[in-house]
Amino acid sequence: MSTLRSAQDALELVSRLRTSFETGFTRSRDWRTTQLRALRRMIIEHEQDIEAALMADLGKPAVEAQITEIGFVLGEIDHTLTHLARWMKPQRVRVPAALVPASARVVSEPLGVALIIAPWNYPFQLAIAPLIGALAAGCAVVVKPSEISGATSNLLARLVAEYLDPRACAVVEGAAAETRWLLEARWDHILYTGNERVARVIAEAAAKHLTPTTLELGGKSPTFVDETTDMRAAATRIVWGKFVNAGQTCVAPDYVLVTPVARPLLERALTDAVEAMFGSDPEVSPSYARIINDTHFDRLTALLGTGRSLLGGKLDKKSRYFPPTILADESAGSPVMRDEIFGPILPMIEVATHVDAIAFINARPKPLALYVFSETARVRRDFTEQTSSGALGFNVPLAHMSVHDLPFGGVGMSGSGAYHGKRSFEIFSHAKAVLSKPLRPETLGVIFPPYSRRKASLVTGALRKLS
Ligand code: NAD
């Protein structure tokens, strides 16, 4: 674990890691797989500590911690270990006929020293999943967990120091000040997950050193429901996607756009689904998490307003219990429709048709995820072709992130760059172009001066043909 007291400490830490990186030991496949296996051992040997930290931070039920955090990252580690040798292998590519004889390869090399800045809502998964990519790529790396999820942050700092190679891996605990100190250093890649406001701070700091970034942000992820869907099944999945982690999920359905015929059926099905999952009093349900802190609790309370509440109930600030809440009849201008909700409030807005839903979505920043519940092929096609979002889920929220080979990331205001699976390896690697051509025979004479029209047509023709 590294504790920073000043920007100077941060610069010294990064310089130490860079010196280490430059000796070259992190490049070997052996080092990378040893680290990934150590990470897996760390998780398996401390599963209960991780569950306890997530319970302390978010009241996260153990099963939820297993599915959405621990199990998820173990799956990413195994996927990476299975494919790493292939990902690291130079990829041969074809050369134009004009260059023959020659061979061309793409060689992946580690970018260098990486910084991962994680948020509090899935504090374990969102620190470890990018770390898997950085280790797989052979980078030295610093992880900065969120101070808001303090128990998980402490645990990560302790465990990483114990299990991973301290010459190349460190966890720095702290808040905005520590992050700003870290940002003064030159990094080779920064992966930041969190809100858009801080993303600007990160992007500005990265720009000073021309450091590439991956920005995993949030926003309002819409869900569209029409009358052709199986309403019970759809409502069950929406309720799960919305209320898992008490709504504090970046890809949670933020609001529902529903057609007039579907609306009463959906209202009924949603309330039934909440009861089936969390009982008639979710406060005593062992399957329902809590709000992270008082600031977020107050922010959510202020969103409740005066609209018709289809489902809700009493709040308990002391335990930060915020009930699953469904607001019917919301309008586009209501407070709850302004910013990402990031809590267990689900507003519903009526739209005449899917065409109106698409217009509604396209009038707003591009979302991180968009979910569509409709059995009509034309509706699905229109959403696919006429909207832009980080991900598009038909009939299922959230689950796209468990598919290792699907890119996980946003577009526009919901983020830039994507990771998971091979993409995690790629964002922390540089794809180096390597071309090798023997000096004899000299086939390049035709491009050397003195130029002639005949030479030009020979070369341009040969450049268009692949060998
Ligand atoms: P947060 O407050 O924990 O902040 C994220 C990180 O930024 C923390 O490590 C924090 O210490 C650091 N930070 C905070 N203020 C800073 C400052 N002024 N300068 C430098 N660093 C600072 O988390 P958050 O931003 O509240 O996270 C919630 C947001 O993240 C939501 O918008 C959510 O949608 C988004 N999110 C996105 C994803 C994704 O994968 N795309 C995942 C989870 C959360």
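Every number for a ligand or one of its atoms is a count from 1 in the order of the listing.
- Ligand 1 has no atom lying under 4.0 Å from any heavy atom of Y122.
- In terms of protein heavy-atom proximity, atom 39 (C) of ligand 1 is nearest to C250 SG, 3.4 Å.
- At a 3.5 angstrom cut-off on N or O pairs, N195 counts as close to ligand 1.
- Taking CG of L215 as the reference point, atom OH of Y192 lies at 8.5 Å (rounded to 0.5 Å).
- In this structure, R167 satisfies the cation-pi test against F25, with its NZ or CZ atom closer than 6.0 Å to the six-membered ring centre and inside 45 degrees of the ring normal.
- Screening F383, Y371, F373 against F224 for a ring-ring contact (aromatic ring centres under 6.0 Å, His included) leaves a single residue, F383.
- The shortest N/O to N/O separation between W120 and ligand 1 falls below 3.5 Å.
- Those atoms of ligand 1 that come under 4.0 Å of a heavy atom in I148, given as number and element, are 2 (O).
- Residue contacts with ligand 1, taken as heavy atom pairs separated by less than 4.0 Å, involve L126 solely via side-chain atoms from C-beta onward.
- Residue-ligand proximity, K144 to ligand 1, at heavy-atom distances under 4.0 Å covers atoms 8 (C), 9 (O), 10 (C), 11 (O).
- Within ligand 1, the atoms closer than 4.0 Å to a non-hydrogen atom of E340 are 31 (C), 32 (O), 33 (C), 34 (O), numbered from 1 in the order shown.
- The cationic atom of R364 (NZ for Lys, CZ for Arg) lies less than 6.0 Å from the six-membered ring centre of F360 and within 45° of the ring axis.
- For ligand 1, the polar-atom distance check against N121 finds no nitrogen or oxygen pair separated by under 3.5 Å.
- For the residue pair H83 / R86, a side-chain donor-acceptor distance below 3.5 Å is found, with atom types taken as modelled.
- Here's the thing with G194: one of its N/O atoms is less than 3.5 angstrom from an N/O atom of ligand 1.
- Some N or O of L217 is nearer than 3.5 Å to an N or O of ligand 1, by distance alone.
- Side-chain atoms of H354 and D226 form no donor-acceptor pair, as typed in the model, at a separation below 3.5 Å.
- Between S146 and ligand 1, at least one N/O pair is under 3.5 Å apart.
- Considering backbone and side-chain atoms alike, V201 places every N or O at 3.5 Å or more from each N or O of ligand 1.
- Looking only at distances, a side-chain donor or acceptor of S389 sits under 3.5 Å from a matching main-chain atom of A391.
- Ring planes of H296 and W120: tilted class, angle from 30 to 60°.
- For the 3.5 Å distance criterion, the side chains of D57 and T152 qualify, holding a donor opposite an acceptor.
- Close contacts of ligand 1 with T179, meaning ligand atoms under 4.0 Å from a residue heavy atom, involve 11 (O), 20 (C), 21 (N).
- Among all protein heavy atoms, the one lying closest to atom 22 (C) of ligand 1 is V198 CG1, 3.5 Å.
- For the pair G415 and ligand 1, no heavy-atom separation below 4.0 Å is found.
- Note that K60 lies in the cation-pi zone of Y122, set by a 6.0 Å cut-off to the ring centre and a 45° limit from the axis.
- Heavy-atom contacts of L368 reach the following atoms of ligand 1: 41 (N) (cutoff under 4.0 Å).
- With a 6.0 Å cutoff to the six-membered ring centre and a 45° limit on the axis angle, R380 counts as a cation-pi contact of F394.
- Within ligand 1, the atoms closer than 4.0 Å to a non-hydrogen atom of F342 are 28 (C), 31 (C), 33 (C), 34 (O), numbered from 1 in the order shown.
- Tested against H79 for a ring-ring contact (aromatic ring centres under 6.0 Å, His included), the candidates F425, F72, W87 yield a single pass: W87.
- At least one heavy atom of P145 sits less than 4.0 Å from an atom of ligand 1.
- In terms of polar-atom proximity, defined here as any N/O pair under 3.5 Å, R180 makes no such contact with ligand 1.
- No hydrogens or angles considered: a donor-acceptor pair under 3.5 Å links the side chains of E47 and Q66.
- Counting heavy atoms under 4.0 Å from ligand 1, residue A118 touches it through the backbone alone.
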